[in-house]
Amino acid sequence: LARALSSVWEISECVEMCERALVIAPDNNAARRLQGYALVEAGRANDGIAAFTEVGEPNGGPNASLLFSTLYSDTMTAGEVADLHRTEGAKWPASGRLIESYGNVANPVRKLRIGYLSPDFKGNHPVAIFLKPLLRNHERKSFEIFAYSSPDYVDETTQEIAALADHWRDVTTWSNERLTAAIETDEIDILVDLAGLTAKTRVGALQAHPAPIQACYIGYPHSTGLPFIDYLICDETVVPSGSEHLLIEAPLRVDDCVFCFAPDDSDWPAIEPEIATARDHVVFGSCNHVPKLTETTVSLWARILGQVPNSRLRIKAAPFTDAAIRQRYRNLFAGHGIAPERIDIDGPSEFPDLMATYRHIDIGLDPVPYNGGTTTYQTLWMGVPVVTLAGENFCGRMSASILGNLGLDELIAESEEDYIRAAVRLAEDAPRRAELRIGLRETIRNARSCDPAAFTLNLETKFREIWRDWCARRNAA
């Protein structure tokens, strides 16, 4: 019953049912794990972390649920999060495989076989959004593309990605051992895992290091802590020089932004320029997922609302289906002096209606410490500027990378006080907001970071560099 309640976003009842189950059977790890998940979804990441810490991981490997939850924590430092990833990741030690054991031909200029592994080739998942432009632009004379897919459902996006790959493998029902063997049989040169430590990940199949080079990208915006992942694909903003101590992988930095956003215009509502001047008050907003809306985030947003008279805040996410979660957030804001009637809270909707929400928002506010990524791009594409506070690690610097590469440095803050000032300044500048409402979509279209062909060429160049390095080490062995 608790699992069913969770699936329809009745999160509070799910937590209550888990608590009842644990009273009856305190050692019910399944109930404890589900309780942890529900607490995180309710915006109570630190309580979820406590639950996941108590239950551990059934297979004796790294506690993936715990690690992913720490990305939302506003009480752990970036160093503490990284250290925990490293400690947990060590539970899956590298195989120690010798470089000379690979049959891959160590020719630095030959055609390469690239494998992409993910359970998320579906719907509007960020992995699908950012991978499709890459797959459409891979240069097939030099790169042969394999996709290993394990989705919990198949839709048009799945079919589209399957068509974009040269070879499609549905590995949903495969064991890790079979998947490991298939990667080696396919003679993959560079295997890119797109899930990291998220739900339904198959990264465990990489423990035996079936590909000479293994990297992580898109789906997990942090070091995995896994010793068998060689590279984390990133950029200079999300992993600045000097922050490498937060990674176990080597950083593979692309030029510009690590996320290339190239949407199909036909899927999106049109921009309505008159919206920016039609209201007599400013509406701040966020469509980020509830776990990102930490108490630190609420405190910052309340301070902004307090400095902009008559302003309102609109927040929208699936867990807000739950009345108790909506009330909790109203209470949190009230604790900072913001009246409940100034907060509009909406549950989920289908994609076109979700994007239409932005006609009711003037300024997007980015959460901390886990920023928006896909959500930031979507907000900007709908003509709404986003103000961000740059954090200390990858997941806390995604919006800074996006905005910086669009030339919007005015929206990037380096301190809480600067964050508040940037939001208030923009609230007081209606002409600038109107200019952004009209021009942001074109800014994205013209940005080098959002040029799929240029981005793909750059990533392919990076792939070729690490392959050349591997060949030199292989030939010297």
Side-chain angles (χ1 to χ4, degrees), residues 61-62 64 67 82 85-108 110 112-118 127 131 134 143-148 176 179-184 186-198 201-236 238-239 241 243-254 258 393-394 458-477:
L67 294 177
H85 275 73
R86 193 173 288 109
T87 299
E88 286 289 321
K91 295 177 181 178
W92 267 353
S95 65
R97 182 169 178 176
L98 298 176
I99 195 169
E100 55 265 33
S101 69
Y102 290 97
N104 306 63
V105 177
N107 178 345
R110 69 168 173 82
L112 296 181
R113 292 188 164 201
I114 309 296
Y116 292 104
L117 170 64
S118 177
V127 166
L131 188 68
L134 179 61
F143 297 90
E144 188 174 359
I145 307 303
F146 292 70
Y148 301 90
N176 276 351
L179 176 53
T180 300
I183 293 168
E184 186 145 7
D186 287 337
E187 298 181 320
I188 299 300
D189 299 306
I190 301 175
L191 193 288
V192 182
D193 173 71
L194 300 167
L197 299 168
T198 58
T201 182
R202 300 302 303 275
V203 73
L206 307 186
Q207 186 180 2
H209 221 297
I213 298 172
Q214 300 184 160
C216 190
Y217 181 43
I218 300 178
Y220 199 73
H222 191 275
S223 170
T224 62
L226 299 172
F228 49 85
I229 301 296
D230 306 304
Y231 293 94
L232 176 64
I233 299 174
C234 57
D235 63 47
E236 181 60 38
V238 294
V239 181
S241 298
S243 67
E244 292 85 357
H245 63 283
L246 298 176
L247 314 181
I248 193 170
E249 309 89 344
L252 182 63
R253 295 186 178 96
V254 298
V258 67
N393 57 12
F394 192 136
N458 179 237
L459 184 59
E460 289 174 344
T461 299
K462 301 299 180 182
F463 282 165
R464 186 62 67 178
E465 288 174 1
I466 59 176
W467 177 251
R468 188 177 299 116
D469 175 71
W470 184 87
C471 288
R473 289 186 287 112
R474 174 67 179 86
N475 291 328

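Only this structure's heavy atoms are used, side chains among them; waters, hydrogens and symmetry mates stay out.
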Peer 1: In chain order, what residues pass the ring-ring contact (aromatic ring centres under 6.0 Å, His included) check against Trp467, with sequence neighbours excluded?
Peer 2: Trp470
Peer 1: With sequence neighbours left out, write down each residue that passes salt bridge (charged side-chain N to carboxylate O under 4.0 Å, His left out) with Arg468, or none if nothing qualifies.
Peer 2: none
Peer 1: Hey, mind stepping through Ile466 and Ile190 against side-chain contact (heavy atoms from CB on, under 4.5 Å) and telling me if it holds?
Peer 2: CA-CA 9 Å; Ile466 59 176; Ile190 301 175; 4.2 Å; yes
Peer 1: Decide yes or no for Leu226 and Pro62: does some side-chain heavy atom of the first lie under 4.5 Å from some side-chain heavy atom of the second?
Peer 2: yes
Peer 1: Any donor-acceptor pair under 3.5 Å linking the side chain of Ser223 with the backbone of Ile248?
Peer 2: yes
Peer 1: Using modelled atom types and a 3.5 Å cut-off, is there a donor and acceptor pairing between side-chain atoms of Ser118 and backbone atoms of Ala195?
Peer 2: no
Peer 1: Once rounded to the nearest 0.5 Å, what's the spacing between atom OH of Tyr217 and atom CG of Leu194?
Peer 2: 8.5 Å
Peer 1: Does any N or O in the side chain of Arg86 come within less than 3.5 Å of the main-chain N or O of Pro227, such that one atom is a donor and the other an acceptor?
Peer 2: no
Peer 1: Closer than 3.5 angstrom, by distance alone: can the side chain of Thr201 be matched with the main-chain N or O of Gly196 as a donor-acceptor pair?
Peer 2: yes
Peer 1: Can you list everything that forms a ring-ring contact (aromatic ring centres under 6.0 Å, His included) with Tyr231? Sequence neighbours excluded, please.
Peer 2: none
Peer 1: Ignoring hydrogens, what is the shortest heavy-atom contact between Ile233 and Val258? Give both atom names and the distance.
Peer 2: O-CG2, 3.6 Å
Peer 1: Please test Phe146 against Leu191 for side-chain contact (heavy atoms from CB on, under 4.5 Å), starting from the C-alpha separation and ending with a verdict.
Peer 2: CA-CA 9 Å; Phe146 292 70; Leu191 193 288; over 6 Å; no
Peer 1: Compare every heavy atom of Lys462 with every heavy atom of Val254, then report the nearest pair and how far apart it is.
Peer 2: CA-CE, 4.1 Å
Peer 1: With sequence neighbours excluded, tell me which residues meet salt bridge (charged side-chain N to carboxylate O under 4.0 Å, His left out) with Arg473.
Peer 2: Asp469
Peer 1: Taking Gln207 for the side chain and Pro93 for the main chain, is one N or O donor matched with an acceptor at less than 3.5 Å?
Peer 2: yes
Peer 1: Indicate yes or no: at least one non-hydrogen side-chain atom of Cys216 is less than 4.5 angstrom from one of Leu232.
Peer 2: yes
Peer 1: Salt-bridged, Arg110 to Glu187, with N to O below 4.0 Å?
Peer 2: no
Peer 1: Using 0.5 Å steps for rounding, measure from the OH atom of Tyr116 to the CG atom of Leu134.
Peer 2: 4.0 Å
Peer 1: To check you understand the geometry: which heavy-atom pair defines the closest contact between Cys234 and Pro251, and what is its length?
Peer 2: SG-CB, 3.7 Å
Peer 1: Looking at Ala208 and Arg97, what are the two nearest heavy atoms and their distance?
Peer 2: O-CD, 4.0 Å
Peer 1: Quick one: list whatever passes salt bridge (charged side-chain N to carboxylate O under 4.0 Å, His left out) with Arg253, sequence neighbours left out.
Peer 2: Glu236, Glu244
Peer 1: Angle class for the Phe228/Trp92 ring planes (parallel below 30°, perpendicular above 60°, tilted otherwise)?
Peer 2: tilted
Peer 1: Determine whether Ile229 and Val203 make a side-chain contact, defined as any pair of heavy atoms from C-beta on separated by less than 4.5 Å.
Peer 2: yes
Peer 1: Would you check if Asp193 and Tyr148 make a side-chain contact, meaning some heavy-atom pair closer than 4.5 Å?
Peer 2: no
Peer 1: Glu144: which residues meet the salt bridge (charged side-chain N to carboxylate O under 4.0 Å, His left out) condition with it, sequence neighbours left out?
Peer 2: Arg113
Peer 1: Between atom CG of Asn104 and atom CG of Asp189, what is the distance when rounded to the nearest 0.5 Å?
Peer 2: 5.0 Å
Peer 1: Hey, are the side chains of His222 and Leu197 touching, using non-hydrogen atoms and a 4.5 Å cut-off?
Peer 2: no
Peer 1: Determine, stepwise, if the pair Asp230 / His209 fulfils side-chain contact (heavy atoms from CB on, under 4.5 Å).
Peer 2: CA-CA 10 Å; Asp230 306 304; His209 221 297; 3.1 Å; yes
Peer 1: What are the two closest non-hydrogen atoms of Pro210 and Gln214, and how far apart are they?
Peer 2: CD-OE1, 3.0 Å
Peer 1: Given Ile218 and Val192, is the side-chain contact (heavy atoms from CB on, under 4.5 Å) satisfied, shown in steps?
Peer 2: CA-CA 10 Å; Ile218 300 178; Val192 182; over 6 Å; no
Peer 1: Between Glu88 (side chain only) and Leu67 (backbone N and O only), is there a donor and an acceptor less than 3.5 Å apart?
Peer 2: no
Peer 1: Could you tell me if the side chain of Val239 sits less than 4.5 Å from the side chain of Leu246, heavy atoms only?
Peer 2: no
Peer 1: I'd like to check Arg202 versus Asn176 (side-chain heavy atoms, cut-off strictly below 4.5 Å). Are they in contact?
Peer 2: yes
